[in-house]
Amino acid sequence: KKMQNGNAPNTSFRRNGLKVHHKRKTMGLHRSQNFLKNSNGEKKKDALTVIQLVAFVILDLITMGVAATIWFFAGIFLWFFSHIHDYLLVKLVGISYLYNVSWEDPRVDRTALNLSDEDHVITIASACDNVLDFIIDGARVTAVDLNNCQLALCELKRAAIIELNFEDFFAIFAEQNVPLLKEKFTSLTKHMNEDAIAFWEKSLQNGFKSFMYSGSSGWLAYGLFRMLFPVIGFGWVRRSLIDGVDNEHFHENFEKHTRTFEWVAWVADSVLVPICAPLAGVPAAQLDLGSDREGNVASIIHRVFGHTDLVNDNYFFTGYILGYYTKKCCPRYLKEEHYDALKEAINNNKLELFHGTLADRFRMDARQETPPVYTAAIMLDHLDWMDDAGVNEELSLLWPLLDDNKGRVLWRSFSSTPHRAALRWMKSTRVDNGTNDRTGMYWGVWYAKKSDCGNHPELNSDGLFWEEQTPQTFAQKLATGVQIVSFPVINMLKKTVADVSQRLPGATKENLSDNKHAQKIEAFYKSQAKAYDSFRENFLHARKHFASCLPLSNNKIVWIDVGAGTARNLEFFPIETLKRRFEKIYILDISPSLLEIAQERVESAGLSDIVELVLADFTDLSDVGIAALPEANSADIVTFSYSLSMIPDKDAALTQAMRLLKPDGAIGVADFFAEQEKFDDSKPISNVLSKVYDTGCRLWFKQDGVHLLHNNRFDILEENGIEAVCSERFRGSVPLLPFLRPWHGIWIGRKNGLMVDEQIQEKVFSDE
């Protein structure tokens, strides 16, 4: 009743030792009553009517509907754009250069590599800024680029260094004096090739105005720093740089605008980055490397505007914001004190430009009678663009050309760890985590010496097979598919073991006569053994990817392939590589019919001296089972390629693998998985739908005795000191069943864990 009358129970508390009584006011009811009364205590005449209330609710609903509609269509646009992202990026190549500025900090590279006149560097040309920086220290540089327009920019800078004095060179490339470039252009053409001359003649005729705002990155920079910044209240940034404020006052001003910057960063992360990335030359694969982090753009903003010296040192952003470089804040090759050394190096032909990919260049070098020897490979960030096979191919081609003692490799990444298997197997050091790189856009700069790596990358086979295979017809695929699907229904178990078992080491016919799993597997595969490889090429998608991820040490290798069936995995390596790199390969399976196909493959390739076929139950830990296998601690690599999911006792199989492994050996698995590696908490509905769909996939495969692997399957290995080095997932199709797209993946672990030393060298880099 007191509450209804607007009163409330009294409360008391002590203040300075005295008891104080306080009448507590009710909140909602009290405010509501006061709102409905005017100052005289009478009921308000203009209080909300029911009609007004309904009108406000309708207005709110309309506003919410409009906002939801905008976000809905924005989501559709972003989804669509994500599928044409890389297409747009590729289309830009050849039309113009992407990078008007080399967007990697050469100071980090110089400090890590300590370049000298004894070095021969292979790198990507980009805008030639870093290439010229390395030449100042006396290094010889071979600069490669797939985009001929980037090479045209390099040709122009090289010609200008040869022909012009410093004042003219600085005026053109730092102060953006395009009329002076037009005046001097004819004299520069005698040092340029025809493609570069044609590119610059067309550009100058079409109204070229500035290097700083040219190329797709320059267009993006102009839109961001000259158009968007003033609109959103960041015009003070450019005014501060023009006025020459000191660095301390600039950082103080930035702190005052931190909240606004963070809001802009959120919008950029959500919308602008996915749309603008192609203009900046950033592919979708590189963006994905940072998808597990929150606030990438906010981190970059704080690094650049809050911690670097934009006034005197960070020419990357200062140039874009101002539209020109100053003598105080510019790349090293634009500083007068280095110009004579730069001119001398260029005149001594210390710069070579090559049109093509790094892989193209390495292949050309390998064909020479006396191939060049490189002492440093500076890969910039382009390894972020590539999958495991691409990274492995590039390193495999580089390795024979890299000096055995002085050779070192440096790459940077949007990922905070080495993101590809071939990089993870190298004993590398993280020399920067983004705190020293003035671009602020990389979460790791990695350095590795060839002599310390302990791993020798090798090329996989160019094709899928050593010899061309006749593809299955639709009818043949259908027949094989029917055999697979109908097997659980027919379930014609035959307790027979083919005669081939008498010619194989390992188990005998008697050993397997009572093994129900062996009987089931043999019955399943006997009728489809000859069609096994051709049907499953479009089914077991992780196998070739798996071959690119395996660690190959510098010494000869012992490889045990469990459930290897027809020995198909051998063909992912050239025959010459198998003979040169492997001491022994064991092809182990429980199906004699599949091993019979394997025997034909091995004999036709002339590999019988290094490949041994073993008929055995890998999960048999008894004395008889162990006697059928290779010796303990003998294997460098033990692999399960789409076999672990079909082995009933998976813990026993993994235990056996650990027993066979050398102290520094690796265990690898390529297989079907029951779920993705991790779920995105921001997408709860998508996660639920994905789990329902994955359950359907799991039940479908279960009928054929294939039990999809869960993420905790490898806990037994990690508990025994085998740490994960590679773990990836992706969806793949199933022949004849387009609605079925299970998870495929790989997991590779090593006894000594990651071959990566994540030492971050915190250094204060000087400009010299």
Side-chain angles (χ1 to χ4, degrees), residues 86 88-106 109 120-135 139-161 173 188 191-200 202-203 211 214-220 277-283 285-286 316 331 333 345-346 349-365 372 374 376-386 390-391 393-395 397-398 401 409-413 439:
D86 288 354
L88 293 176
L89 181 58
V90 171
K91 282 298 181 182
L92 286 171
V93 174
I95 297 176
S96 176
Y97 46 79
L98 301 180
Y99 312 107
N100 60 328
V101 175
S102 297
W103 205 250
E104 294 86 13
D105 193 340
D109 301 8
H120 185 182
V121 176
I122 179 84
T123 189
I124 296 173
S126 187
C128 209
D129 299 346
N130 292 11
V131 170
L132 297 176
D133 192 290
F134 303 147
I135 289 175
R140 178 186 169 195
V141 179
T142 299
V144 176
D145 212 292
L146 182 61
N147 188 349
N148 216 13
C149 300
Q150 295 289 164
L151 295 179
L153 180 57
C154 296
E155 289 267 359
L156 183 68
K157 290 182 178 180
R158 178 170 63 179
I161 292 169
F173 292 101
L188 303 182
H191 306 292
M192 299 163 63
N193 63 32
E194 293 181 358
D195 290 339
I197 293 171
F199 175 84
W200 285 109
K202 182 178 179 180
S203 298
F211 289 99
S214 63
S216 60
S217 293
W219 307 334
L220 179 62
L279 292 176
V282 179
Q286 189 169 33
F316 295 96
Y333 77 91
I346 294 295
N349 297 316
K350 288 213 167 185
L351 171 60
E352 180 185 359
L353 300 175
F354 177 81
H355 181 219
T357 65
L358 281 171
D360 293 335
R361 176 67 193 206
F362 295 148
R363 286 192 171 94
M364 189 193 81
D365 288 340
Y374 300 110
I378 302 176
M379 317 299 273
L380 304 188
D381 68 340
H382 94 287
L383 296 180
D384 279 0
W385 297 41
M386 305 164 72
V391 173
E393 176 192 35
E394 202 159 274
L395 292 178
L397 293 169
L398 165 66
L401 303 171
V409 181
L410 185 140
W411 72 95
R412 49 187 24 87
S413 177
T439 68

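Keep in mind the model is a prediction, meaning the values are calculated, not measured.
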Taking only residues two or more places apart in sequence, or in another chain, which ones meet [X] in a side-chain hydrogen bond (donor to acceptor under 3.5 Å, both in side chains)?
X    : result
H355 : none
S203 : none
S413 : D384

*asked:* Run the side chain to side chain contact (heavy atoms under 4.5 Å, CB included) test against A198 and tell me which residues pass, sequence neighbours left out.
replied: none
*Only counting residues at least two apart or in another chain, list the ones meeting side chain to side chain contact (heavy atoms under 4.5 Å, CB included) with S126.*
Y99, S102, L380
Who passes salt bridge (Lys or Arg N to Asp or Glu O under 4.0 Å) against [X], sequence neighbours left out?
X    : result
R158 : E155
D145 : none
R140 : none

_Residue pairs, two or more places apart or on separate chains, that pass salt bridge (Lys or Arg N to Asp or Glu O under 4.0 Å) and touch residues 123-132_ = D129-K157
*So does R361 pair up with E352, basic N to acidic O under 4.0 Å?*
yes
*Any side-chain heavy atom of E394 sitting closer than 4.5 Å to one from T357?*
no
*Under the ring pair (Phe, Tyr, Trp, His ring centres under 6.0 Å) rule, collect the residues that match up with H120, sequence neighbours excluded.*
Y374
_Please enumerate all residues that pass ring pair (Phe, Tyr, Trp, His ring centres under 6.0 Å) together with F211, with sequence neighbours excluded._
F173, W200, F208
*What heavy-atom pair brings S96 and N147 nearest, and what distance separates the two atoms?*
O-ND2, 3.1 Å
